[in-house]
Amino acid sequence: MTPTATAVESRQIGRWTGVTRRRKEGAAVWVLRLFAAISVLTTLGIVWVLASESYEFFRHVPLREFLTDKEWTPLFSNKHFGIAPLLVSTLLVTAIACAVAVPLGLLAAVGLYAYLPGRLARKVKPILELLAGIPAVVYGYFALLAVTPVIQKLIPRTAVFNAASAGIVMGMMILPMVASLSEDALSAVPKSIVEGAYALGATRPAAIFRVVFPAALGGIVASVILAVSRAIGETMIVAIAMGQQPRLTLDPLVPSETMTAYIVQVSLGDTPRGTLEYQTIFAVGATLFVISMLLNLASVRFVRRFREAYE
């Protein structure tokens, strides 16, 4: 075979290889576009269902009454449609969960980042993340059967269903999210910044809390906001351990009801489809959607702001 023929065949093979590669890349791009379109269409479908059903609800219930009435009794003969009891209970149990998860999660992140040997940290982190994989119904019964009796021994007036035990166990559930994402944010800080702090004579705690933490603040805040969103949308823990009595109270030791627990209550009950009582779950769901969207927007804005500051 002459050298000229060999060169021609090599060019042909290279041309066919290039065409095949471009076709594969083009197919991959279209597959990714398809999945992105499915995600967008799914979100639009959810928004459409919530908006259309909520519109029917607000045709009968004024928005002002929905936001200002202090009672929520749509399933009783004396009907009130004030979202305040459900909203306050949701924020209360979320605040308790964050009081547990945020400090412990940040301390765990610091321990994984700076104090545990690298090999041990790589083993401990997956074990910690296993807590996030436990089914929420297990957490719910753990709160009801294990945590509540302990609280009742410490504070005898504690009811069987209460926000305190639900919030504590929910904090345990979202703790791995705060710890893992915060540790990732700390690890993403350039080593040159840490080494510069040590070169200036900073101790390890000073370097972590005065240099690394501010540099990773965007990622840490994003992890906390993500955990808060997870806590607000949690259903089974609050439905099992917190009760289903909508009341406007900040007392964590009495039964109350969150927005997600109410949705479960109506969805599993005998409420006829298309009635005003049935449409309340969409109004409550729309409220949850707006809260989650605002939290996500705040997280994105915060991360972008501090990313620009430290890049």
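Summarising the geometry of Asp69 relative to Phe81, their closest heavy-atom pair is OD2-N, 4.0 Å, with the distance given to 0.1 Å. Closest of all the heavy-atom pairs between Ala227 and Ile174 is O-CD1, 3.9 Å. Contact detail for Gly171 and Ala101: the closest heavy-atom pair is O-CB, 3.4 Å. Taking all atoms of both residues into account, the shortest heavy-atom contact from Ala185 to Ala216 is O-CB, 3.4 Å. What you find for Leu145 and Pro149 is that their closest heavy atoms are O-CG, 3.4 Å. Residues Arg157 and Asp251 come closest through the heavy atom pair NH1-OD2, 3.1 Å.
Rounded to the nearest 0.5 Å, atoms CD1 (Ile291) and CD1 (Ile232) are 5.5 Å apart. Rounded to the nearest 0.5 Å, atoms CG (Leu63) and OG1 (Thr68) are 9.0 Å apart. From Gln265, atom CD reaches atom OG1 of Thr258 across 10.5 Å, with rounding to the nearest 0.5 Å. Atom CE of residue Met293 and atom OG of residue Ser229 lie 12.0 Å apart, to the nearest 0.5 angstrom. Within the model, atoms CE of Met236 and OG1 of Thr260 stand 10.0 Å from one another, a figure rounded to the nearest 0.5 Å. Note: Met172 CE to Ile134 CD1 = 8.0 Å, rounded to the nearest 0.5 Å.
Annotation for Phe58: atom CZ counts as buried by contact number, over 12 foreign heavy atoms lying within 6.0 Å. In this structure, Lys70 places its NZ atom where only 12 or fewer heavy-atom neighbours from other residues, nucleotides or ligands lie under 6.0 Å away. The number of heavy atoms from other shown groups lying within 6.0 Å of OH (Tyr115) is above 12.
By the 4.5 Å heavy-atom criterion applied to side chains, Pro74 and Leu276 are not counted as neighbours. Inter-residue side-chain proximity for Val110 and Leu106 is flagged as unmet; no heavy-atom pair is nearer than 4.5 Å. Looking at Phe35 and Val31, their side chains come closer than 4.5 Å, going by heavy atoms from C-beta outward. Side-chain contact between Tyr113 and Ser187: present, with at least one pair of heavy atoms (C-beta onward) separated by less than 4.5 Å. Counting heavy atoms from C-beta outward, Val211 and Val194 have side chains that stay 4.5 Å or more apart. When side chains are defined from C-beta on, Leu86 does not count as touching Thr287, because their heavy atoms never get closer than 4.5 Å. At least one side-chain heavy atom of Ser256 sits under 4.5 Å from a side-chain heavy atom of Met242.
In the hydrophobic clustering of ILVMFWY residues, with side-chain heavy atoms under 4.5 Å counting as a link, Val284 and Leu75 come out together. Hydrophobic clustering, with ILVMFWY side chains joined whenever heavy atoms are under 4.5 angstrom apart, groups Met173 together with Val137. Residues Leu253 and Ile240 share a single hydrophobic cluster, defined by chaining ILVMFWY side chains whose heavy atoms lie under 4.5 Å apart. Leu226 and Val178 are members of different hydrophobic clusters when ILVMFWY side chains are connected at heavy-atom separations under 4.5 Å. Under a hydrophobic-cluster definition in which Ile, Leu, Val, Met, Phe, Trp and Tyr are linked whenever side-chain heavy atoms come within less than 4.5 Å, directly or via other members, Ile225 and Phe213 are assigned to the same cluster.
The salt bridge (Lys or Arg N to Asp or Glu O under 4.0 Å) search around Glu53 returns none, not counting sequence neighbours.
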- Message: Evaluate Tyr262 against Val238 for side chain to side chain contact (heavy atoms under 4.5 Å, CB included), listing each step before the verdict.
- Response: CA-CA 10 Å; Tyr262 174 75; Val238 293; over 6 Å; no
- Evaluate the side chain to side chain contact (heavy atoms under 4.5 Å, CB included) criterion for residues Ser180 and Leu128: first the C-alpha distance (whole Å), next the side-chain angles of each, then the deciding distance (0.1 Å), finally the verdict. CA-CA 8 Å; Ser180 180; Leu128 181 64; over 6 Å; no
- Item | Residues Val160, Gln152; criterion side chain to side chain contact (heavy atoms under 4.5 Å, CB included); working and verdict | CA-CA 8 Å; Val160 175; Gln152 287 177 326; 4.0 Å; yes
- Message: Go through it in stages, so that I can follow the logic: the residues are Trp72 and Phe66, the test is side chain to side chain contact (heavy atoms under 4.5 Å, CB included), and I'd like the CA-CA distance, side-chain angles, deciding distance and then a yes or no.
- Response: CA-CA 9 Å; Trp72 179 263; Phe66 183 73; 3.9 Å; yes
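A distance-only check finds a donor-acceptor pair linking the side chain of Thr280 to the backbone of Glu277 [under 3.5 Å]. Between the side chain of Arg273 and the backbone N or O of Tyr278 there is no donor-acceptor pair closer than 3.5 Å. Judged by distance alone, the side chain of Ser182 and the main-chain N or O of Ser223 form no donor-acceptor pair under 3.5 Å. Here the side chain of Ser165 pairs no donor or acceptor atom with the backbone of Phe161 at under 3.5 angstrom.
Under 4.0 Å is where a charged nitrogen must lie from a carboxylate oxygen, and between Asp184 and Lys125 at least one such pair does.
Membership of the apolar cluster around Val290 extends to Leu294, as traced through chained side-chain contacts below 4.5 Å between ILVMFWY residues.
Checking Ser52 against Glu56 by side-chain atom types alone, no donor-acceptor pair falls below 3.5 Å.
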